[in-house]
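Just so you know, these numbers come straight off a predicted model, no measurement behind them.
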Amino acid sequence: MNTLYEGAFAKLNLTLDVLGKRPDGYHDIKSVMQTVSIRDDIELDIGTGKPWRLHCDKEGIPTGEENLAWKAAKTYCDIMGKDPGGLEIRITKRIPMQAGMGGGSADAAAVLRALNRYYGDPLSVLALAELGAQVGSDVPFCVVGGTCMCEGRGERLRKLPDMPDCVIVVCKPDFSVSTPELYRKIDQAAIAKRPDHRAMESALLAGDLEQVAANICNVFDPVVTSEHLELNYIKSVLHQYGAVGYQMTGSGSACFGIVSEFEIAAVLCAMLKDNYPEVFICKPV
């Protein structure tokens, strides 16, 4: 039996635009995504000689075939014609759930990377990302990581210059948002402001943190905030105590603030911790 270890890194959406509904029922998006240092840890035992099993240290996570990590392992083995001779997946969960941070997708991507490495890297990173698109929309980005422009359902990736060095505070309130319901609402909403992706790319190319922060934009943010006003409170704390930019990530409900120094992040964290147990300090990776 062999045990593999892999980190599964969370993602944030620096920008997120919804461009319209596709014939397959999904939506086309355009988003600048960024991996951050908040991570789950994945362990895979290969060759257990037993039926496949999945464990997670946090309650409420599916532990069967519906889990994206399990689905990723099955997709990889089926397509590559591999039989691991029994598999056990263990997930140590730190990425907050139902937060818009891609926790399940990150776990799936980590499983794909670990299996591909175990079998001698038969797939390039981009080919592995393409395979990941069969598992979930955010999985291709989570396979590649870093800073990327993601289009289509999320499967079309283009690497961008690294996000400038900074510190990020993430706050997850205690409510969650139904992603399918949110897409239905966005179809009917008048979107007042869309991301300026050209300006964001220019800011990244220049390594200008203030301009990156000035151009973060998520079309879901005002839709969710209108129904959950406590997001305004979180964002007001982020603004008041030194964040140069702040918004909700993905379909929510986590908000993040970009700051230039750890000391500012520590103050923000202390201010938010009184009301929200899930507050994190992280960096771009």
[Y] backbone acceptor or donor facing [X] side chain under 3.5 Å:
| X | Y | value |
| --- | --- | --- |
| Asn116 | Leu123 | yes |
| Asn67 | Pro62 | yes |
| Gln247 | Asn13 | yes |
| Asp107 | Ala69 | no |

Would you say the side chain of [Y] lies within less than 4.5 Å of the side chain of [X], judging by non-hydrogen atoms?
| X | Y | result |
| --- | --- | --- |
| Asp174 | Glu230 | yes |
| Lys159 | Val144 | yes |
| Val177 | Gln98 | no |
| Lys93 | Ile61 | yes |
| Leu128 | Tyr76 | yes |
| Leu115 | Ile46 | yes |

- Item | side chain to side chain donor-acceptor pair (under 3.5 Å) against Tyr233, all qualifying residues, sequence neighbours excluded |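 Per chain and number, Tyr233 pairs via side chain to side chain donor-acceptor pair (under 3.5 Å) with Asn275.
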Thr3 meets the side chain to side chain donor-acceptor pair (under 3.5 Å) criterion, sequence neighbours left out, with Asp45
Side-chain donor-acceptor pair under 3.5 Å between [X] and [Y], yes or no?
| X | Y | value |
| --- | --- | --- |
| Lys11 | Ser105 | no |
| Gln34 | Thr147 | yes |
| His55 | Thr63 | no |

Shortest non-hydrogen separation from Asp28 to Arg153 and the atoms involved:
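Where Asp28 meets Arg153 most closely, the heavy atoms are OD1-N, 4.3 Å.
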- Is there a path of hydrophobic side-chain contacts, each under 4.5 Å between heavy atoms of I, L, V, M, F, W or Y residues, that connects Val111 with Val135?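 Looking at the clustering, Val135 is in the same group as Val111.
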Residue pairs involving residues 176-196 (criterion salt bridge (charged side-chain N to carboxylate O under 4.0 Å, His left out); sequence neighbours excluded):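 The answer is Asp17-Arg194, Glu181-Lys185, Lys185-Glu227.
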Taking the six-membered ring where the residue is Trp, are the ring centres of Tyr26 and Tyr183 under 6.0 Å apart?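 Centroid separation for Tyr26 and Tyr183: 6.0 Å or greater.
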Query - Pair Asp41 + Arg94, salt bridge at N-O below 4.0 Å - result: yes
Q) Are there more than 12 heavy atoms of other residues, nucleotides or ligands under 6.0 Å from atom CD of Glu155? A) yes
| message | For the NZ atom on Lys273, are there more than 12 heavy atoms of other groups (residues, nucleotides or ligands in this structure) within a distance under 6.0 Å? | response |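 Enclosed: over 12 neighbouring heavy atoms sit under 6.0 Å from NZ of Lys273.
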Query raised in the report: With under 30° as parallel and over 60° as perpendicular, where do the rings of Trp70 and Trp52 fit, or are they tilted in between?
Result: tilted
Which of Ile234, Leu272, Ile264 passes side chain to side chain contact (heavy atoms under 4.5 Å, CB included) with Val169? Answer is Leu272
